[in-house]
**Q** 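Can you keep this structure in mind? I'll have questions shortly.
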Amino acid sequence: MVVRPDVHVETVADVTPALLEELGVRGVLVDLDDTLIASNATLLSPSAEGWLLSLRLAGIKVAILSNGERKRVFELAERFDLPAFALVGKPFPFAFRRGLAALGTPREATAMVGDQLFTDVLGANLAGLVSILVRPLTPGKLPHTRLARRLERRILTGGTRDSPVDR
Ligand SMILES: [Mg+2]
């Protein structure tokens with residue numbers, strides 16, 4: 001099913017360099033809100049910061065691929081010296097093409113890590129990337145986000161693959 005993630009984990013910290021190597025992934029596109037940082041926060045958690053550092057040390061390329069507004073996305077990206085795209089238009093394939101061009105990795109060696117089935121996972125699957133779903137850091141502030149979360153839970157409880165690596 002096209003909204004089923006290849007891998008489902010709790011948080012970005014579970015997307016270790018070892019797991020990525022096992023998946024053959026050398027580049028990571030990461031969603032911002034409720035994936036890397038809580039949508040109501042302005043600072044990354046130490047855990048998320050440590051994760052970014054661990055990928056950098058492992059030589060894995062990272063870019064932020066967000067549908068969020070420019071100011072927030074670029075301020076955070078600048079702090080960590082990451083390429084970033086805001087209001088990028090996930091789940092449409094052009095959004096992922098922009099991310100892939102920034103990373104320079106082929107799609108099959110690139111993962112999209114995000115918290116939403118209908119933007120991050122659906123888009124990654126349509127674009128031929130490895131899709132990695134994390135549990136959202138907050139319930140979301142927008143009504144349409146909350147509605148999407150309800151639908152996501154319904155789909156996921158319909159029998160998601162629950163092992164960390166199951167493709
Ligand atoms: Mg998100």
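Just follow the structure's listing: the first ligand is 1, and inside any ligand the first atom is 1. Nothing fancy with the numbering, it's 1 onward along the sequence.
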**Q** So does Glu75 pair up with Lys71, basic N to acidic O under 4.0 Å?
**A** yes
**Q** Under 2.8 Å from the Mg ion (ligand 1), how many protein N/O/S atoms can be counted?
**A**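 Every protein N, O or S atom under 2.8 Å from the Mg ion (ligand 1) counted, the figure is 3.
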**Q** Give the minimum heavy-atom separation between Leu133 and Pro5, together with the two atoms involved.
**A**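 Heavy-atom minimum between the residues: CB-CB, 3.7 Å.
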**Q** Between the side chains of Arg149 and Asp34, is the shortest nitrogen-to-carboxylate-oxygen separation below 4.0 Å, so that they form an ion pair?
**A**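 Result for this pair is yes, salt bridge flagged.
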**Q** Identify the heavy atoms of Glu152 and Leu117 that sit nearest to each other, and give their distance.
**A** OE2-N, 2.9 Å
**Q** Got a salt bridge between Asp120 and Lys90, using NZ or NE/NH1/NH2 to carboxylate O under 4.0 Å?
**A**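 A salt bridge links Asp120 with Lys90.
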**Q** Run the side-chain contact (heavy atoms from CB on, under 4.5 Å) test against Thr11 and tell me which residues pass, sequence neighbours left out.
**A** Ala13, Asp14
